[in-house]
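Read through the structure below, which is laid out as structure tokens, and then see the notes.
Computation of the quantities below employed the complete heavy-atom set of this structure, encompassing side-chain atoms and omitting hydrogens, waters and symmetry-equivalent molecules. Indexing begins at 1, ligand by ligand and atom by atom, following the structure's order.
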Amino acid sequence: MEARINPVLAGLKALIVGIANDQSIAYGCAKAFRTAGADLAVTWLNEKARTHVEPLAIELEAEITAALDVSRSGELETLFETIKKKWGRLDLLVHSIAFAPKADLQGGLLNCSAEGFATAMDISCHSFVRMAKLATPLMTDGGVMFAMSYNGANRVVPNYNVMGPVKAALEAVCRYLAYELGPSGIRVHAISPGALKTRAASGIKDFELLLNEAAHKAPLGELVDIMDVGWACAYLATPFAHRVTGGTIYVDGGANIIA
Ligand SMILES: NC(=O)c1ccc[n+]([C@@H]2O[C@H](COP(=O)([O-])OP(=O)(O)OC[C@H]3O[C@@H](n4cnc5c(N)ncnc54)[C@H](O)[C@@H]3O)[C@@H](O)[C@H]2O)c1
């Protein structure tokens with residue numbers, strides 16, 4: 001498959017936020033974008049994460065690397081300053097991060113504290129609004145933004161708990177950003193991958209059951225992998241998708257259509 005991909009994204013500048021390791025959805029996006037010719041900026045959460053992410057950034061020939069914890073004030077601004085200095089512009093932005101404190105995530109929505117709810121919403125949802133605001137002035141030739149959702153936004157998925165309402169908000173954020181940024185030629189997509197075995201997913205109770213069900217339910221009969229998500233985003237980043245914006249795109253083998 002990779003050998004047949006033309007460099008349709010050649011020369012485009014892409015910021016990828018959310019690589020923790022080579023299982024991360026963000027890594028699949030980065031790999032697909034790079035294979036299609038884009039230049040990359042890649043972030044890691046902190047020094048501990050850097051050990052795992054830096055070798056991947058080197059493999060991906062990332063031109064910009066930086067630490068980014070969206071909950072630390074000033075780090076996003078510093079990152080976008082670096083991008084502005086080095087590239088002078090940005091074309092693609094991938095937000096592939098989520099977090100909720102374990103007790104608030106695993107205890108059911110009724111038991112989620114106000115602080116836990118606010119933290120989950122800030123890191124997993126509002127940080128995308130902040131990124132979009134900083135990215136917009138750099139997207140001078142238009143651009144494409146992606147945020148990772150999950151079908152727990154629209155259907156009750158047992159054990160997904162507080163992340164359900166948070167992802168519902170994220171999908172609404174994508175619609176409103178698509179509305180506000182459409183006149184600037186910027187498209188915004190919520191991507192809804194099927195269940196994937198990643199580090200973030202390991203925080204969901206009984207995740208193995210979800211994985212089994214996802215494969216069983218999907219009309220295409222298999223679990224998706226991170227490259228399936230990456231290639232879908234790469235397609236949406238091309239001019240072939242230039243009239244597509246604001247929606248939630250499922251990359252789940254069709255599982256979402258089954259009752
Ligand atoms: N794995 C799945 O089944 C699945 C399905 C649908 C959607 N998603 C979504 O995909 C996205 C990526 O998750 P993943 O499954 O690849 O797991 P992952 O653990 O590989 O990625 C999660 C990323 O979030 C980052 N992160 C957490 N707090 C942060 C903060 N304060 N600042 C900056 N980054 C922070 C982590 O460093 C990590 O890189 C998430 O939004 C997740 O909800 C995952």
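- Looking at S149 against ligand 1, only its backbone comes within 4.0 Å, counting heavy atoms.
- Neither the backbone nor the side chain of V17 comes within contact range of ligand 1; no heavy atom lies under 4.0 Å.
- Taking any N or O of T198, backbone or side chain, at least one lies under 3.5 Å from an N or O belonging to ligand 1.
- Salt bridge K86/E63: absent, no basic N to carboxylate O contact under 4.0 Å.
- R130 places no side-chain N or O within donor-acceptor distance of the main-chain N or O of L134, the cut-off being under 3.5 Å.
- The closest approach between any non-hydrogen atom of S124 and ligand 1 is not below 4.0 Å.
- A salt bridge links D39 to K13: at least one charged side-chain nitrogen sits closer than 4.0 Å to a carboxylate oxygen.
- Every atom of ligand 1 with a heavy atom of A201 under 4.0 Å away is listed here by number and element: 1 (N).
- Within the listing of ligand 1, atoms 39 (O) sit less than 4.0 angstrom from a heavy atom of I19.
- Between S24 and ligand 1, at least one pair of N/O atoms sits closer than 3.5 Å.
- Nearest residue to atom 25 (C) of ligand 1 from I97, L170, V251 is I97 (criterion: closest heavy atom).
- Near P193, the atoms of ligand 1 lying under 4.0 angstrom from a non-hydrogen atom of the residue are 5 (C), 6 (C), 7 (C).
- Side-chain contact check for H189 and T245: no donor-acceptor pair (N or O, by modelled atom type) lies under 3.5 Å.
- The atoms of ligand 1 that sit less than 4.0 Å from any heavy atom of I123 are 28 (N), 29 (C), 30 (C), 31 (N).
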Run the numbers on K84 and E81 for salt bridge (Lys or Arg N to Asp or Glu O under 4.0 Å), then give the verdict.
CA-CA 5 Å; K84 189 177 173 187; E81 226 10 82; 5.1 Å; no

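- Across G246 and A178, no two heavy atoms sit closer than the pair CA-CB, 3.4 Å.
- Contacts with ligand 1 closer than 4.0 Å are made by heavy atoms of both the backbone and the side chain of D69.
- The atoms of ligand 1 that sit less than 4.0 Å from any heavy atom of L68 are 32 (N), 33 (C).
- A distance of 8.5 Å separates OG1 in T65 from CD1 in I58, rounded to the nearest 0.5 Å.
- When hydrogens are left out, the protein atom nearest atom 11 (C) of ligand 1 is S96 OG, 3.4 Å; that is the closest non-hydrogen contact.
- The closest approach between a heavy atom of S127 and any atom of ligand 1 is not below 4.0 Å.
- More than 12 heavy atoms of other residues, nucleotides or ligands shown are found within 6.0 angstrom of CD on E59.
- Counted by atom type alone, D104 and S113 present one or more donor-acceptor pairs between their side chains at under 3.5 Å.
- Using a 4.0 Å cutoff on heavy atoms, Y27 does not count as a contact of ligand 1.
- Among protein heavy atoms, atom 19 (O) of ligand 1 sits closest to A200 N, 2.9 Å.
- When the options R199, K167, K197, K48 are ranked by their closest heavy atom to atom 42 (C) of ligand 1, first place goes to K167.
- Test I123, D122, L79 against V70 for side chain to side chain contact (heavy atoms under 4.5 Å, CB included) and you get one pass: I123.
- Checked against the 6.0 Å centroid criterion, the rings of Y150 and Y160 qualify as a close aromatic pair.
- Of the residues listed (I83, L93, D91), the one engaging L138 in a side chain to side chain contact (heavy atoms under 4.5 Å, CB included) is I83, and it is the only one.
- Among all non-hydrogen protein atoms, the one lying nearest atom 37 (O) of ligand 1 is L45 CB, 3.6 Å.
- The ligand atoms of ligand 1 that sit less than 4.0 angstrom from a heavy atom of I25 are 4 (C), 8 (N), 10 (O), 15 (O), 16 (O), 44 (C).
- Every atom of ligand 1 with a heavy atom of A20 under 4.0 Å away is listed here by number and element: 20 (O), 38 (C), 39 (O).
- Annotation for ligand 1: atoms under 4.0 Å from non-hydrogen atoms of G18 are 21 (O), 23 (C), 38 (C), 39 (O).
- Distances shorter than 4.0 angstrom do not occur between any heavy atom of H95 and any atom of ligand 1.
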Taking it one step at a time, do E171 and N154 satisfy side-chain hydrogen bond (donor to acceptor under 3.5 Å, both in side chains)?
CA-CA 10 Å; E171 291 186 9; N154 303 298; 3.2 Å; yes

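- Checking only distances, A26 never comes within under 3.5 Å of ligand 1, N or O to N or O.
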